[in-house]
Amino acid sequence: MKMLLGCSLRCSLCLLLLITCLSDLAEGRTLHLDSCTVNVHTHELREYYSALRSYAVEEDKEIGVKLLDRSLMKDVHEGQTCCFVRLVLRFYVERVFSNYASSQPQHQRNSSALANAFVSIRRDIHKCHCHCGEETQRTIDSLHAEFIKLHINQAAQKAVGELDTVLEWLEGLGQTQT
């Protein structure tokens, strides 16, 4: 009887821990984007992306070209985070996901889920009325310029493969701004 009670208690504690972890995941992260805050479910973005990443990287034939460099995101000027996030999400929704093609239906479903999540985040950011400075716009324009140098499908493939950089940056915003 004692053994059964001990097992029951351990199972209850494990279940409580699991529920706590899952509820934390469901809440997402609050990102502070200048004077605006948005809730982003980075774990969902990661889940969708993890199903695409290896294929996207494997199919990337333009090894010497880099669209998204970590330095782009590190150099975002103060007061421009909201604008930068909004413009990067716009780039992915309008240019990348609309041109991303995979022969595997599961990859298409995951890319659609990512695109829908980005649209949702963009909608929340749109309410913020972010101000975009000239330097931020030039940075995004350079991203577009590199993108159009490649064949559209290859550019979309590369951008999906480099999405990890964006997700890491968004996760960093959620950690540093609590």
Side-chain angles (χ1 to χ4, degrees), residues 17-53 56-57 66-100 106-147 155-178:
L17 180 62
L18 178 64
I19 290 170
T20 302
C21 289
L22 290 176
S23 68
D24 287 346
L25 288 176
E27 291 176 16
R29 293 176 188 232
T30 300
L31 303 185
H32 297 276
L33 309 174
D34 307 321
S35 62
C36 178
T37 58
V38 293
N39 194 32
V40 177
H41 297 275
T42 53
H43 68 283
E44 282 182 17
L45 298 177
R46 276 281 175 204
E47 186 178 310
Y48 297 136
Y49 180 62
S50 68
L52 296 174
R53 187 180 187 285
V57 171
K66 189 92 167 135
L67 297 175
L68 285 166
D69 190 79
R70 283 173 172 52
S71 66
L72 283 179
M73 293 170 203
K74 288 181 182 174
D75 294 339
V76 174
H77 295 299
E78 188 171 324
Q80 292 295 296
T81 305
C82 181
C83 171
F84 189 81
V85 170
R86 189 186 79 207
L87 293 175
V88 166
L89 294 176
R90 180 180 177 189
F91 167 75
Y92 268 92
V93 169
E94 294 177 6
R95 296 287 253 349
V96 177
F97 292 123
S98 62
N99 291 294
Y100 177 74
Q106 184 62 32
H107 290 166
Q108 288 296 353
R109 282 191 292 277
N110 285 310
S111 68
S112 292
L114 275 169
N116 289 335
F118 278 20
V119 167
S120 177
I121 298 165
R122 275 182 62 200
R123 190 174 29 249
D124 290 345
I125 291 175
H126 185 70
K127 297 172 189 172
C128 297
H129 306 291
C130 306
H131 170 72
C132 292
E134 197 174 306
E135 183 66 30
T136 302
Q137 191 60 55
R138 272 197 302 269
T139 300
I140 296 299
D141 289 346
S142 70
L143 173 63
H144 284 278
E146 290 301 312
F147 185 84
Q157 190 80 37
K158 174 163 280 306
V160 169
E162 294 180 0
L163 186 56
D164 201 29
T165 304
V166 175
L167 296 179
E168 285 175 11
W169 185 65
L170 288 174
E171 289 166 343
L173 290 175
Q175 292 171 353
T176 60
Q177 301 291 327
T178 56

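Because the structure is predicted, anything quoted here is derived from the model rather than measured.
A pairwise comparison of heavy atoms in Ala155 and Phe147 identifies CB-O, 3.3 Å as the closest pair. Residue His144 comes nearest to Phe91 through the heavy atom pair CE1-CD1, 3.5 Å, listed as atom of the first residue, atom of the second, then distance. Between Val166 and Leu68, the closest heavy-atom pair is CG2-CD1, 3.6 Å. For the residue pair Ala159 and Val96, the shortest heavy atom distance occurs at CB-CG2, 3.4 Å. Taking each heavy atom of Leu31 and Leu173 in turn, the nearest pair found is CD2-C, 3.9 Å. Across all their heavy atoms, Tyr49 and Glu162 have their closest contact at OH-N, 4.3 Å.
Proximity of a side-chain donor or acceptor of Tyr92 to a complementary backbone N or O of Val160 within less than 3.5 Å is not detected. No donor-acceptor distance shorter than 3.5 angstrom exists from the side chain of Gln80 to the backbone of Thr136, with no hydrogens or angles considered. Counting only distance, with no hydrogens or angles, the side chain of His131 and the backbone of Cys83 share no donor-acceptor pair below 3.5 Å.
Sparse packing is recorded around CZ of Arg90, with 12 or fewer heavy atoms of other residues, nucleotides or ligands lying under 6.0 Å away.
The aromatic rings of His41 and His43 sit perpendicular, their planes meeting at an angle over 60°, well past the 30° parallel limit.
The side-chain heavy atoms of Trp169 and Val88, taken from C-beta on, include no pair separated by under 4.5 Å. Using a 4.5 Å cut-off on side-chain heavy atoms (C-beta onward), Asp164 and Arg46 make contact. Looking at heavy atoms from C-beta onward, Ser111 lies in side-chain contact with Gln108 at the 4.5 angstrom threshold.
Qualifying side chain to side chain donor-acceptor pair (under 3.5 Å) partners for Glu78, counting only residues two or more places apart in sequence or in other chains: none. Partners of Asp34 by salt bridge (Lys or Arg N to Asp or Glu O under 4.0 Å), not counting sequence neighbours: none found.
Taking CG of Asn110 as the start and NE2 of His107 as the end, the distance is 7.0 Å to the nearest 0.5 Å. To the nearest 0.5 Å, atom SG of residue Cys130 and atom CZ of residue Phe84 are 13.0 Å apart. Taking OG1 of Thr139 as the reference point, atom CD of Glu134 lies at 11.0 Å (rounded to 0.5 Å). One finds the NE2 atom of His129 at 10.0 Å from the OG atom of Ser35 (value rounded to the nearest 0.5 Å). Here CG of Leu143 is found 9.0 Å from CZ of Arg95. Values are rounded to the nearest 0.5 Å. To the nearest 0.5 Å, the span separating CG on Asp141 from CD on Glu146 amounts to 12.0 Å.
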* To do: Could you walk me through whether Phe97 and Leu163 pass the side chain to side chain contact (heavy atoms under 4.5 Å, CB included) test, one step at a time?
  => CA-CA 11 Å; Phe97 292 123; Leu163 186 56; 4.1 Å; yes
* To do: Assess whether side chain to side chain contact (heavy atoms under 4.5 Å, CB included) is satisfied between Met73 and Glu168, documenting all intermediate values.
  => CA-CA 10 Å; Met73 293 170 203; Glu168 285 175 11; over 6 Å; no
* Asked: Are Cys128 and Cys82 close enough, and set up right, to give a disulfide bond (SG atoms under 2.5 Å apart), and what steps lead you there?
  -> CA-CA 8 Å; Cys128 297; Cys82 181; 4.6 Å; no
* Asked: What's the verdict on side chain to side chain contact (heavy atoms under 4.5 Å, CB included) for Tyr100 and Leu52, showing C-alpha distance, side-chain angles and the deciding distance?
  -> CA-CA 11 Å; Tyr100 177 74; Leu52 296 174; 4.0 Å; yes
* To do: Might you work through the side chain to side chain contact (heavy atoms under 4.5 Å, CB included) test for Leu87 and Cys132, ending with a clear yes or no?
  => CA-CA 9 Å; Leu87 293 175; Cys132 292; 4.1 Å; yes
Hey, can you pull the donor-acceptor pairs under 3.5 Å for the side chains in residues 118-125, sequence neighbours left out?
none

